Amino acid sequence: MRALSSFLYGLLAYLASAATLLYFIGFSGNLWVPRSVDVGPGAGWMQAVGTDVALLVLFGVQHSMMARGGFKRWWAQWVPPVIERSTFVVATCVVLVVMFRLWVPIDAPVVWRVENKAIAALLWGLFGLGWLVALVSTFLLDHFELFGLRQVHAGLTGRTAPRSEFRTPLFYRYVRHPLYVGFLVSFWSVPVMTFGRLLFALGFSAYILIGVAFEERDLLMQFGERYRAYRRQVGMLVPRGRASRRASRPVSEVGDR
Ligand SMILES: C[S@@+](CC[C@H](N)C(=O)[O-])C[C@H]1O[C@@H](n2cnc3c(N)ncnc32)[C@H](O)[C@@H]1O
């Protein structure tokens with residue numbers, strides 16, 4: 001009974017995260033959704049910037065803190081391992097929904113506007129491509145583990161979820177963080193950059209650059225010398241030159257085993 005309720009909780013968390021991420025795409029691109037980064041009730045300039053910065057900080061703190069090993073060990077007293085990842089996913093959804101609800105568009109001059117239709121279309125193409133790269137990257141690692149579904153399914157079938165493996169397939173042979181590269185490309189590839197959108201892009205980019213350092217510290221602890229060698233040979237967010245990519249081949253093969 002407990003395994004079944006954990007599974008249903010994990011399934012709901014997964015569905016909620018899919019809906020939240022879809023809204024997030026619309027929110028960041030001012031597409032389809034009723035309230036977005038530039039659409040919603042306004043406020044004074046100072047109040048808008050203060051609120052939006054606070055919401056970005058809230059996301060950064062929640063997401064970084066809850067992803068750390070020390071925090072996971074601490075709250076394992078109350079949250080069983082089988083639903084730990086799903087609970088992280090739920091907390092992330094809650095913080096994002098709060099952001100969607102409370103974000104205040106900023107009334108300020110547009111920072112840039114691309115008038116050329118071909119270049120604007122290219123930027124929208126990059127916006128979509130970035131999200132696609134991020135989605136594919138989750139499958140290259142382990143989509144269902146990242147969203148907690150593998151863990152609750154293992155619980156339901158009486159197995160323990162397999163330990164995370166070090167992987168370097170496809171995009172991971174060229175950069176160590178393709179999912180974040182996808183996010184960054186999407187956040188910045190917009191034909192009309194308003195002040196609010198700039199704040200949003202800067203906030204999430206800063207979060208990624210800080211969060212990646214914490215994530216790599218954990219990955220080094222988890223995978224040791226294999227990750228150290230991978231780091232030496234594969235670029236963090238930008239692919240390295242051909243020579244270093246040739247040199248990286250043995251590490252990638254080690255990583256794939
Ligand atoms: C949201 S994913 C982002 C992955 C990666 N930073 C990226 O941008 O593609 C974060 C999780 O991926 C895991 N991870 C990152 N790189 C990995 C790799 N090469 N192999 C296995 N797990 C990895 C981290 O331990 C963390 O739990």
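Position 1 is the first residue of the sequence; numbering continues from there. All of these numbers come straight from a predicted model, not from anything done at the bench. Indexing begins at 1, ligand by ligand and atom by atom, following the structure's order.
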Any idea which atoms of ligand 1 are less than 4.0 Å away from a heavy-atom of Leu146?
2 (S), 11 (C)
Note the single closest protein heavy atom to atom 21 (C) of ligand 1, along with its residue, its atom name and the distance in Å.
Glu165 O, 3.0 Å
Are any of the N/O atoms on Tyr230, whether in the backbone or the side chain, positioned under 3.5 angstrom from an N/O atom of ligand 1?
no
Crowded around Arg68 CZ? As in, over 12 foreign heavy atoms under 6.0 Å?
yes
For atom 25 (O) of ligand 1, state whether the nearest protein heavy atom is under 4.0 Å away.
yes
Which segment of Pro178 sits under 4.0 Å of ligand 1 when only heavy atoms are counted
both
Relative to the heavy atoms of His177, which atoms of ligand 1 are at a distance of less than 4.0 Å?
5 (C), 6 (N), 7 (C), 8 (O), 9 (O)
Does the side chain of Tyr9 come under 3.5 Å of the side chain of Thr87 through a donor N or O and an acceptor N or O?
yes
For the CZ atom on Phe139, are there more than 12 heavy atoms of other groups (residues, nucleotides or ligands in this structure) within a distance under 6.0 Å?
yes
Heavy atom of the protein closest to atom 20 (N) of ligand 1 (residue, atom name, distance)
Arg167 N, 3.0 Å
Could you check whether any side-chain N or O of Tyr230 sits under 3.5 Å from a backbone N or O of Tyr172, counting only pairs where one atom can act as donor and the other as acceptor?
yes
Which option out of Phe171, Tyr180, Tyr172 puts a heavy atom nearest to atom 9 (O) of ligand 1?
Tyr172
So for Leu219 against ligand 1, with non-hydrogen atoms under 4.0 Å, the contacting part is side chain
Any Thr168 heavy atom less than 4.0 Å to ligand 1
no
State plainly whether the residues Arg232 and Glu225 are in salt-bridge range, i.e. N to O under 4.0 Å.
yes
Compute the minimum heavy-atom distance from Leu141 to ligand 1 and say whether it is under 4.0 Å.
yes
Any idea which of Arg226, Gln222, Met236, Glu215 brings a heavy atom closest to atom 6 (N) of ligand 1?
Glu215
Side chain to side chain, Arg176 and Arg231, heavy atoms closer than 4.5 Å:
yes
For the CE atom on Met46, are there more than 12 heavy atoms of other groups (residues, nucleotides or ligands in this structure) within a distance under 6.0 Å?
no
Can you find an N or O of Leu179 that's nearer than 3.5 Å to an N or O of ligand 1?
yes
Is the number of heavy atoms from other residues, nucleotides or ligands under 6.0 Å of Trp75 CH2 greater than 12?
yes
Parallel, tilted or perpendicular for Phe100 and Phe27, by the 30°/60° rule?
tilted
Applying a heavy-atom cut-off of 4.0 Å, say which part of Asp218 lies close to ligand 1: side chain, backbone, both or neither.
neither
Are Ser164 and Glu145 linked by a side-chain donor-acceptor pair shorter than 3.5 Å?
yes
Is Ser137 in polar range of ligand 1, meaning some N or O pair under 3.5 Å apart?
no
